Every structure is written in structure tokens, then in C-alpha cells.
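Just so we're clear, the structure is a prediction, and the values are computed from it rather than from any experiment. All values below were derived from every heavy atom in this structure, side-chain atoms included, with hydrogens, water molecules and symmetry-related copies excluded. Each chain gets a letter, A, B and so on, in the order the sequences are listed, and its residues count up from 1.
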Protein chains: 2
Amino acid sequence: MYRLCEYIHFRYVNKIRDNSYIKAFGYHLRELRTKKELSQEELAYSADIPISQIGRIERGEVNTTISTINALAKALNDHPKVLLDFKV
Amino acid sequence: MYRLCEYIHFRYVNKIRDNSYIKAFGYHLRELRTKKELSQEELAYSADIPISQIGRIERGEVNTTISTINALAKALNDHPKVLLDFKV
DNA sequence: ACGATACAACGCATATATGCGTTATTCTGA
DNA sequence: TCAGAATAACGCATATATGCGTTGTATCGT
């Protein structure tokens, strides 16, 4: 039975998203940014990311992707792994 | 002029996604997994992620989120930063 | 008081990550 | 050679990350 998905109705649930982890990441990013005395706007400009997205990340509203982490790391002159170096 | 977005037509472009970086990440994840002699299916089960998603990540087809990295790290008994510890 | 600066919060668009199933292909050991 | 295991690849659904603009709020120096 190919293409069974077309005929079966099921409820989609994203199980992976982890709010406590993305909040911890946002807090950590804010610490890295403020320690380097950068404003959100300056970081946004360096990383070529909209400032609104920087805000959402720091407030822990979004489940950031590794490409974004890479862009932020370059803007902060850090290795990407530094951005994940925090405790939950 | 509030809600200007409603009236202005503009083309949306995702500038952040970085295919070479997500490919390098996938290759690195595959190395971590095979070094521990785990099949994709075993890793998928431990991390509670669909096996098809593990495959897509390792083939560098998707821009993985930090929640997924966290889940994979737990399943691999590594700190999340280990998953970003690679060269592009 | 007031203008400037920083950040929060919203509104809405598109692209895509994930979930979950199936089918196709490749690898591997007896 | 060939059956089973592992992986690739596909199909399609929903949730959401991002892009880009605006408005709201707080702080601060003057």
C-alpha cells in the first residue's frame, strides 16, 4: 500500500522542541553578546540576521538552527561549540 | 502606517541556511554514531527521533535545530557542544 | 520634559524542520 | 548467490524558523 499517508489521518506532534533548552540557549547567547558589549542591533548587523530574530532567540521563543548558530558564532568571533557551552 | 506588510509585496529569501555547514554537521554526526557502533535505527530510538530524520540530518538535507542536537547528544552520551566540534 | 537608544512585542509572509509512514537501494555475511 | 540489515529516498502532513517590517516600552543622558 503505497502513499498510505494520503488516506490515514493522524495528528502531528513535534516532540523534539524543548522549551527549557532553547530558553537556556537564549540566556547564554545574551551573556556572550553583552560580555562583548554589543547591542542586539550590532550583532544582527554582523551576523546578517534581522534584529527581531536576535530578540526572539534571546527570549527563548525559537528553536534556533545550526546555520544561525554558525552565523552568530562568526559574528561573535567564537567557535560554534562555544554557543552550546552552557548548563541547562 | 501600521501593518504595512499586508500591502507591500516582497520576495522572501532565507539567507541564513548554509548548505556546506549542514553537510559538514551531518558528516560529523555520522562519525560520532558509527564510532559508537550504533545504527541509525538505534540512535533514532534512543533520541526519540524518527529514523528518516536521522537520515536526512546525516545526508545534510536539513538545517537541524538545537533541540534536536540536544536530543542526539543525550542519546550519544555527549555534551551538545561535542556535536558542533568539527571543521567546515 | 525630551530626544535618543535599546529592546520587546507584534503582524504576516515564505521556507523548511520535523513526524510518520512507505518503497527503493546498497551493503554484508553465510 | 541471496536473504536480511542498513540506509536512502520518497510522499505528505503540521509546526515553526526565518525575513522584514512596524509599534510599544523602558532607560538614560541632557
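- When rounded to the nearest whole Å, the span between CD1 of B:Ile16 and C1' of D:dT18 equals 8 Å.
- For C:dT18, the OP1/OP2 oxygens have no side-chain nitrogen or oxygen of A:Asn14 closer than 4.0 Å.
- OP1 or OP2 of D:dC20 lies within a sub-4.0 Å distance of a side-chain N or O belonging to B:Lys15.
- Rounding to whole angstrom units, CZ of residue B:Arg56 and C1' of D:dC10 are separated by 10 Å.
- At whole-Å resolution of the value, CG in B:Asn63 and P in C:dT18 are 8 Å apart.
- Taking both residues in full, the closest heavy atoms of A:Ala75 and A:Ser46 are given as CB-CB, 3.6 Å, listed atom of the first, atom of the second, then distance.
- Put simply, B:Thr68 has a side-chain N or O that comes within less than 4.0 Å of OP1 or OP2 on C:dT18.
- One interatomic measurement links the two molecules: CD1 of A:Ile54 to P of D:dC20, which rounds to 13 Å at whole-angstrom precision.
- Between B:Thr65 and D:dA17 there is no side-chain N or O to OP1 or OP2 distance below 4.0 Å.
- Taking 4.0 angstrom as the limit, B:Gln40 places none of its side-chain polar atoms (N or O) nearer than this to OP1 or OP2 of D:dA5.
- Between the CG atom of A:Asp48 and the P atom of D:dC20 there is a distance of 8 Å, rounded to whole Å.
- B:Glu61 comes within 4.0 angstrom of the backbone, heavy atoms only, and of no base.
- Rounded to whole angstrom, the span from the CZ atom of B:Arg30 across to the P atom of D:dT7 amounts to 7 Å.
- Among the heavy atoms of the strands lying under 4.0 Å from A:Ser52 is at least one base atom, whether or not backbone atoms are also near.
- As rounded to whole Å, 18 Å separates atom P of C:dT26 from atom CD of B:Glu58.
- Residue A:Leu76 is not grouped with residue A:Ile51 when hydrophobic side chains (ILVMFWY) are merged at heavy-atom distances under 4.5 angstrom, including chains of intermediate members.
- Atom CZ in A:Arg59 sits about 8 Å away from atom C1' in C:dC7, given to the nearest Å.
- Within 6.0 Å of the NZ atom in A:Lys36, the count of heavy atoms belonging to other residues, nucleotides or ligands exceeds 12.
- Between B:Arg17 and A:Val13, the residue whose closest nucleotide on DNA chain D is further toward the 5' end is A:Val13.
- If you check every strand for non-hydrogen atoms under 4.0 Å, B:Gln53 touches a base.
- One hydrophobic cluster holds both B:Leu84 and B:Val88 under the rule that ILVMFWY side chains link at heavy-atom gaps under 4.5 Å.
- Partner of B:Ser67 under the side chain to side chain donor-acceptor pair (under 3.5 Å) criterion, chosen from A:Asp18, A:Thr64, A:Asn63, A:Asn19: A:Asn63.
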